[in-house]
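Notes follow once the structure below has been shown.
Throughout, a chain's letter reflects where its sequence line sits, starting with A, and its residues are numbered from 1. Here the structure is a predicted model, which is why all the values come from computation and not from measurement.
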2 protein chains.
Amino acid sequence: MTAPKPSLELLRALTDENVLRVLMAHDRLTRAEIATRTGISKPTISESVQRLERARLVVDTGERTTGRGRVGSYYALAPHLGTALVASITPQGVVAEAVDALGRTRGQVRTALHADAGQEAAAEALGAAAARLGGESAGPLRLAVVSAADPVDRATGRLVHLPDAPFLVGELDPPAVLAGAVTGPVLVDNDVNWAARAEYEHGCVQGVDDFVYLHLGEGLGCAVVGDGVVRRGHGGLVGEVAHLYTAGPDGQAMAFTEVFAALDLRRNSSTAVDVPKLLDILDTSDTRAERVRLALARAIGGVLSAALAFADPRTVVLGGPWGSHPRLIAAIEEHLARSPRSVPLSAAALTLPELTGARARAVEELASLIVRAAHPTTQW
Amino acid sequence: MTAPKPSLELLRALTDENVLRVLMAHDRLTRAEIATRTGISKPTISESVQRLERARLVVDTGERTTGRGRVGSYYALAPHLGTALVASITPQGVVAEAVDALGRTRGQVRTALHADAGQEAAAEALGAAAARLGGESAGPLRLAVVSAADPVDRATGRLVHLPDAPFLVGELDPPAVLAGAVTGPVLVDNDVNWAARAEYEHGCVQGVDDFVYLHLGEGLGCAVVGDGVVRRGHGGLVGEVAHLYTAGPDGQAMAFTEVFAALDLRRNSSTAVDVPKLLDILDTSDTRAERVRLALARAIGGVLSAALAFADPRTVVLGGPWGSHPRLIAAIEEHLARSPRSVPLSAAALTLPELTGARARAVEELASLIVRAAHPTTQW
DNA sequence: CAGTCTAGTAAGGACTCTTGCCTAAAGGTG
DNA sequence: CACCTTTAGGCAAGAGTCCTTACTAGACTG
């Protein structure tokens, strides 16, 4: 809409950005290689590299080309540019990594948590992991991307407790916990959204710009990808399907989460789904189990009718501890075949997908942080 | 992500774009005014204006400044740059306009249609309107933006007949109908999506980036705006809520459209809602009418639970012939107050909103067509 | 050891943007 | 009416960026 103001500084910034981006894709390159890869002339690249070296964003690695011809110098991103923290918080524990702008993992810390550890323990584990990774890596932790197994408030990054939804990780404020260890922004989103991003980039829906990812585990979650981007809505609560009205076992309209109460599939004194019991039923072949499967398929079919109405996905991905069970998928497909509108289903393909998705975002964000650092004033 | 390649041509293109954009916002300006408004220096503007004049995109209007100081020449976009066709097709008739890049309406044609005219009549009316507007205006019709009161296939722009949904306008292929009269692209979307855009820009949800617009008329439609953009999904069927499962009059789960059958609110031998009868009931105060209102509120509440789950709107806008009825809104609000999650409601504010929304898009698209015409090869 | 190949540099040209100054023409002022 | 002020537009100079071409330095090849 609004075109940037033309200026020579803009050109310079563009050249530098091209150089930095290509150095993020290939960790070490000579000036000549940068020139051919970017399509910019060698002299211009030389000037840019000099500029970036003076700004300490790029360094001569000391390595030299071997082979025919004159010896070239390899350049790379400066090592002290820092890393991004990637963290996943689940009831099982905290997994944290540091990644650099090239997407290389520089260290990983795993901390197991007790089943009823509470948010203090989670916060402590996250803080400790950040401190350790920050100490280990060459530069500072410049930003953090956090995945949490609960709804996340889009504005503040804090976890939200919705009525009738299990609160797995609990009242946690990742930006506050990480404020000391991380110098820049802290981006928080729930695990299902990150998992959807991972499936989009590396999993079973590559190239599908519009899809819905339904996560079925202890909690019931969903992610909506529209036009290639994870949609979060006003408060970040897109995909919170617990209160969605759907069809219950006897055809009554009821909230999705109530279906599990009606089927006696909840964990004691909790709104969490009893996953072992449910998996057990999915593996059983008697008529009672069959009835439960039908009821589940019908309830999930109702959820999918809502997904079709509000997201119009090309595909629906089913993930989570019991979501990708073949017998469940078969039952849902059968149900959909009798519905007026249908949609292809596929099973989630990745393990630890939320970390993959969060990592991708972290790398992207770190890259743009570095590029903007080269020309703080120029904007477009 | 990928930065454009720096080049002097890019700078030139950027300058020209700045000039063209400012001339689209203010119909006539002197070189000096362009310079101050864009923040670019006078000599640069002079060169750009010369270039654009040679390319016949800009003309000296012949007008001269009056007042103190040297007389300046006013420049403006060339008049033959053409216009965009904006058309709305409803069962009542066709309304078509030509708009230029400054958003000025250059002519309007209204054609009434008989209640059961069929798509041939609609196609003919559309074609005739386009031919007339194309003949009247100075330049060609360079693109068209069409609003139709039916679902639109995102890939082809053709209207789609979904099962159990009324097919108001019918099997129409606007791109084919307009191929002769319009030189460029034909963008088609359904009226509810355009109406949502209009409410976003000029109506009751200005500045609200995430909202849902529920249109309740003969057909049941919905638009989802996420991050400030109307979301269409894979096939363009976002908002087709007819088959969404919700709660029926007796608490049974049923498709939204079936609720109207159950309440005997359909027009004879059709799936269209009987709007006069429904409005009548909304205005009545006996217990039977009250029961119908309750049932409607419950069914719409179910639809809104799906909207909350999949779009997380900040606000829900209710529009259409019976959607903004105060008594209906009150009934829905009462229902929502008892639900675990709620959302503010507001009534649609605009008349003929679909034309307003389509017009905005047409102006935007025409502007970018003109800007790109100035530098066909440069891309960024 | 001459030939070949390649990274990096130097020179020159083309082009764009900016600053500053100048001119022309109109309105206002005494 | 003469003069000053104001404003649009043009011109010149200068700085900066990118590109092409040509060259140099150094290492491998045969």
A:His80 vs A:Arg56 side-chain heavy atoms within contact, under 4.5 Å: yes
Contacts of A:Glu33 that satisfy salt bridge (charged side-chain N to carboxylate O under 4.0 Å, His left out) - sequence neighbours left out: none
Atom-pair distance (CD1 on A:Ile34; C1' on C:dG8), nearest Å: 12 Å
Sub-4.5 Å side-chain heavy-atom contact between B:Tyr200 and B:Val208: no
A:Leu29 CG to C:dT6 C1', straight-line distance once rounded to whole Å: 16 Å
Side-chain touch A:Val371/A:Met24, heavy atoms, less than 4.5 angstrom: yes
Side-chain heavy atoms of A:Leu20 within contact of A:Val58, under 4.5 Å: yes
B:Glu199 side chain near B:Leu350 side chain, heavy-atom distance below 4.5 Å: yes
Residue of the set B:Arg104, B:Arg106, B:Arg132, B:Arg359 for which salt bridge (Lys or Arg N to Asp or Glu O under 4.0 Å) holds with B:Glu97: B:Arg359
Pairs: protein N or O with nucleotides 15-18 of chain C N or O, under 3.5 Å:
| unit_1 | atom_1 | unit_2 | atom_2 | d |
| --- | --- | --- | --- | --- |
| C:dT16 | OP1 | B:Arg12 | NE | 2.4 |
| C:dC17 | OP1 | B:Thr15 | OG1 | 2.3 |
| C:dT18 | OP2 | B:Ser41 | N | 3.1 |
| C:dT18 | OP2 | B:Ser41 | OG | 2.9 |
| C:dT18 | OP2 | B:Thr44 | OG1 | 3.3 |

All N/O contacts under 3.5 Å from nucleotides 5-7 of chain D to the protein, with atom names and distances to one decimal?
| unit_1 | atom_1 | unit_2 | atom_2 | d |
| --- | --- | --- | --- | --- |
| D:dT6 | O2 | B:Gly69 | N | 3.1 |
| D:dT7 | O2 | B:Arg70 | N | 2.4 |

Test item: B:Leu366 and B:Leu143 side chains (from C-beta on) under 4.5 Å apart, heavy atoms: yes
Interatomic distance, A:Gln50 CD vs D:dC18 P [rounded to whole Å]: 13 Å
Rounded interatomic separation in angstrom, taking CG from B:Asp60 and P from D:dG9: 9 Å
Residue pair B:Asp16 / B:Ser48, side-chain donor-acceptor N/O under 3.5 Å: yes
All salt bridge (charged side-chain N to carboxylate O under 4.0 Å, His left out) counterparts of B:Glu201, not counting sequence neighbours: B:Arg197
Bending between helix ends of the helix from C:dC1-D:dG30 to C:dG30-D:dC1 [5 pairs per end, 10° resolution]: 10°
Sugar-phosphate only, base, or nothing, as touched by A:Ser73 at under 4.0 Å among non-hydrogen atoms: sugar-phosphate
Which residues share a side chain to side chain donor-acceptor pair (under 3.5 Å) with B:Arg232, sequence neighbours left out: B:Asp189
Toward the 5' end of DNA chain D, by each residue's nearest nucleotide, B:Tyr74 or A:Thr66: B:Tyr74
Distance, rounded to the nearest Å, where B:Arg64 contributes CZ and C:dG27 contributes C1': 18 Å
Phosphate-side-chain proximity, A:Ser46 and C:dT9, N/O vs OP1/OP2 below 4.0 Å: yes
Rounded interatomic separation in angstrom, taking CD1 from A:Ile45 and P from D:dT17: 14 Å
